Enquirer: 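One structure, pasted below without further comment.
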Amino acid sequence: MYYLLSIGLIGLGTVGLYVTIFKYTKEQYKSVKFTGTGQGLDGAIFAAIMNVLPWWMVKTFLIFSSVVAVFIGVMILITM
């Protein structure tokens with residue numbers, strides 16, 4: 001079970017890094033807005049914050065969250 005969790009985190013984090021670094025551009029930020037539908041109050045707050053922040057800060061946050069996901073996946077593998 002932990003192997004699946006760690007491989008999933010590493011895989012999704014890697015895909016997130018690739019998409020954020022190479023595909024998420026300033027034009028994409030202007031055309032597509034974050035939505036909080038179906039995620040409750042925390043999703044709505046997250047969407048509001050991401051829509052207000054400047055483009056470079058949003059990209060930095062997305063890269064950081066992807067790196068954290070990969071790091072957690074690697075740490076799960078190491079501690080097993």
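Residue numbers start at 1 and run along the sequence shown. What you see is a predicted model, and the numbers here were worked out from it, not measured in a lab.
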Enquirer: CZ/F61 to OG1/T20 distance, rounded to the nearest 0.5 angstrom?
Expert: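 One gets 11.0 Å once the value is rounded to the nearest 0.5 Å.
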
Enquirer: Is any side-chain heavy atom of M75 closer than 4.5 Å to a side-chain heavy atom of F71?
Expert: yes

Enquirer: Minimum heavy-atom separation for G13 and S66, please, with both atom names.
Expert: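 What the structure gives for the nearest pair is O-CB, 3.5 Å.
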
Enquirer: Between T14 and V70, what is the shortest heavy-atom contact and its length?
Expert: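 Nearest pair, atom of T14 first, then V70: N-CG2, 3.7 Å.
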
Enquirer: Y18: which residues meet the ring-ring contact (aromatic ring centres under 6.0 Å, His included) condition with it, sequence neighbours left out?
Expert: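 So Y18 forms a ring-ring contact (aromatic ring centres under 6.0 Å, His included) with F22.
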
Enquirer: Identify whether I63 and V58 are in the same connected component of the hydrophobic contact network (ILVMFWY, side-chain heavy atoms under 4.5 Å).
Expert: no

Enquirer: Of all the heavy-atom pairs spanning M57 and L53, show the shortest one and how long it is.
Expert: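 Looking at all heavy atoms of both residues, the closest pair is SD-CD2, 3.4 Å.
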
Enquirer: Nearest 0.5 angstrom please: L62 CG to K59 NZ, how far?
Expert: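 Reported to 0.5 Å precision, the distance equals 9.5 Å.
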
Enquirer: Return a table of donor-acceptor pairs under 3.5 angstrom between the side chains of residues 2-10 and protein atoms on other chains or two or more places apart.
Expert:
{"residue": "S6", "atom": "OG", "partner": "Y2", "partner atom": "O", "Å": "3.1"}
{"residue": "S6", "atom": "OG", "partner": "Y3", "partner atom": "O", "Å": "2.9"}

Enquirer: Between F64 and V67, is there a shared hydrophobic cluster once you connect ILVMFWY residues whose side-chain heavy atoms come closer than 4.5 Å?
Expert: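 Per the 4.5 Å side-chain linkage, F64 and V67 are not co-clustered.
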
